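A short write-up of the structure that comes next.
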Amino acid sequence: MTKGRRPPRRLLARPSIEVAPWLLGKVLAAGGRSGRIVEVEAYAGGDDPASHAHRGRTARNALMFERAGLLYVHFTYGMHWCANVVTGPVGEAQAVLIRALAPLTGLDAMREARPAARRDRELCSGPARLCQALGIDGAFAGVDLLVADAPVQLIDDGTPPPVEPGMSTRVGISRATERPWRWFVVGDPNLSA
DNA sequence: CTTTGGATCGTCT
DNA sequence: GACGATCCAAAGG
């Protein structure tokens, strides 16, 4: 298992555009597997036309309005799961999409879960890929990432976020495409793009 | 290496 | 009835 501390919830209760770059370097762990976060995107609820919560609360996006530190998992393109960390104050639909991890532990289990990955750099290099690699699906929606022994956990092992993260526009969206709300560890081989 | 098109279904209009 | 916060295999350079 990866050693480290659970980040304080107050740091996750900030706006998603502040939490997103701060999440770079943190560790996401599930099913005995773990990886370091190297790519994220911020989504900002009502003010963000690209967010699932842009048109208000629905059954699908309800978790985004809950407290920071919960896991929001959504199903997309008819076949893929994506994992988000809920941020911001309760009642504001803020979240950070985890887009890529650098695999840390449980590599054998990841390779078994993702036979399509021909290299280890392809295990977690995409939002749906990392869910597949860690075994995260809709059954994990609402998990509190900051609770010890939770089935999915967010861990701070002391690795600081990069001083100068890469920044770009978000991937795969059709609205609010100009907002530079994607952050990544420059040069990491596990990036999605 | 890059480009292209198919897969597949829950959610909201 | 349309559209995704995507991935993959196949085909071409």
Side-chain angles (χ1 to χ4, degrees), chain A residues 12 15-21 23-24 26 28 30 35 37-66 68 70-88 92-103 110-143 145 152 154 165-185 187 189-193:
Chain A
L12 285 159
S16 57
I17 60 170
E18 293 181 25
V19 177
L23 278 174
L24 295 176
K26 303 295 182 293
L28 191 68
I37 298 172
V38 296
E39 179 182 343
V40 294
E41 281 178 1
Y43 288 86
D47 295 333
D48 182 5
S51 168
H52 290 159
H54 176 50
R55 300 182 185 253
R57 188 176 191 137
T58 66
R60 176 207 202 186
N61 64 32
L63 266 170
M64 294 179 75
F65 292 82
E66 300 300 322
L70 300 190
L71 181 68
Y72 168 54
V73 183
H74 74 268
F75 187 62
T76 190
Y77 290 103
M79 65 193 96
H80 296 305
W81 296 100
C82 296
N84 303 253
V85 178
V86 176
T87 75
E92 285 188 27
Q94 308 241 356
V96 176
L97 172 68
I98 309 300
R99 286 196 58 88
L101 305 175
M110 291 188 192
R111 296 186 191 106
E112 195 170 338
R114 279 186 45 68
R118 306 199 60 197
R119 308 180 182 81
D120 285 351
R121 58 161 36 117
E122 295 171 1
L123 287 172
C124 299
S125 54
R129 289 176 174 184
L130 69 91
C131 282
Q132 234 175 287
L134 296 191
I136 296 172
D137 61 19
F140 295 85
V143 163
L145 299 167
V152 186
L154 182 66
M167 210 185 305
S168 81
T169 54
R170 294 175 289 184
V171 175
I173 57 171
S174 59
R175 291 167 296 193
T177 54
E178 75 290 349
R179 301 189 187 189
W181 286 359
R182 168 175 175 261
W183 288 268
F184 54 94
V185 176
N190 300 280
L191 299 180
S192 70

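In this text, all values refer to a predicted model and were calculated from it rather than measured experimentally.
Computed from coordinates, the A:H54 NE2 to C:dA5 C1' distance equals 15 Å when rounded to whole Å. One atom, CZ of A:R119, and another, P of C:dC8, lie 13 Å apart when rounded to the nearest Å. Rounded to an integer number of Å, the gap from A:L130 CG to C:dT6 P is 11 Å. Atom C1' of nucleotide C:dT6 and atom CZ of A:R114 are separated by 11 Å, given to the nearest angstrom. Between A:R55 atom CZ and C:dG4 atom C1' the separation is 13 Å, expressed in whole Å. At whole-Å resolution of the value, NE2 in A:H80 and P in B:dA7 are 13 Å apart. Following rounding to the nearest Å, A:R57 (CZ) and B:dC12 (P) show an atom-to-atom distance of 13 Å. In this structure, A:R170 atom CZ and C:dT6 atom P are separated by 11 Å, rounded to whole Å.
Between C:dT6, B:dA7, C:dA5, one nucleotide has an atom nearer to the side chain of A:V171 than all others, and that is C:dT6. Residue A:P127 has its side chain nearest to C:dT6 when only C:dC8, B:dC12, C:dT6 are considered. In this structure, the nucleotide among C:dG4, C:dC8, B:dT8 sitting nearest to the side chain of A:Q132 is C:dC8. The side chain of A:F75 lies closest to B:dC9 when the candidates are C:dA9, B:dC9, C:dG4. The side chain of A:Y43 sits closest to C:dA5 out of C:dC7, C:dA5, B:dT13. Candidate nucleotides B:dG10, C:dA5, C:dT6 were compared by shortest atom distance to the side chain of A:M64, and C:dA5 ranks first.
Looking only at distances, no side-chain donor or acceptor of A:D48 sits under 3.5 Å from a matching main-chain atom of A:H54. Under a 3.5 Å cut-off, the side chain of A:Q94 and the backbone N or O of A:S16 do form a donor-acceptor pair. When atom types are taken as modelled, the side chain of A:R129 and the backbone of A:A117 share no donor-acceptor pair closer than 3.5 angstrom. At least one donor-acceptor pair under 3.5 Å links the side chain of A:R114 to the backbone N or O of A:L123.
OP1 or OP2 of B:dC12 lies within a sub-4.0 Å distance of a side-chain N or O belonging to A:T58. Residue A:S174 places at least one side-chain N or O closer than 4.0 Å to OP1 or OP2 of C:dG4. Proximity of A:R175 to the phosphate of C:dG4: no side-chain N or O atom is located under 4.0 Å from OP1 or OP2. Contact check, A:H52 against C:dA5: a side-chain N or O comes under 4.0 Å of OP1 or OP2.
No salt bridge links A:D47 with A:R179; every basic N to acidic carboxylate O contact stays at or beyond 4.0 Å.
The nucleotide C:dA5 finds no pairing partner, because no Watson-Crick or G-U wobble arrangement with both distances shorter than 3.5 Å includes it.
Screening A:V40, A:T87, A:V85 against A:V19 for a side-chain contact (heavy atoms from CB on, under 4.5 Å) leaves a single residue, A:T87.
When heavy atoms are screened at a 4.0 angstrom cut-off, A:R99 is found touching the sugar-phosphate backbone but no base atom. The residue A:L97 sits close to a base: some heavy atom pair falls under 4.0 Å.
Across the interface with DNA chain C, nearest-nucleotide mapping of A:N84 and A:A116 shows A:N84 to be the residue nearer the 5′ end.
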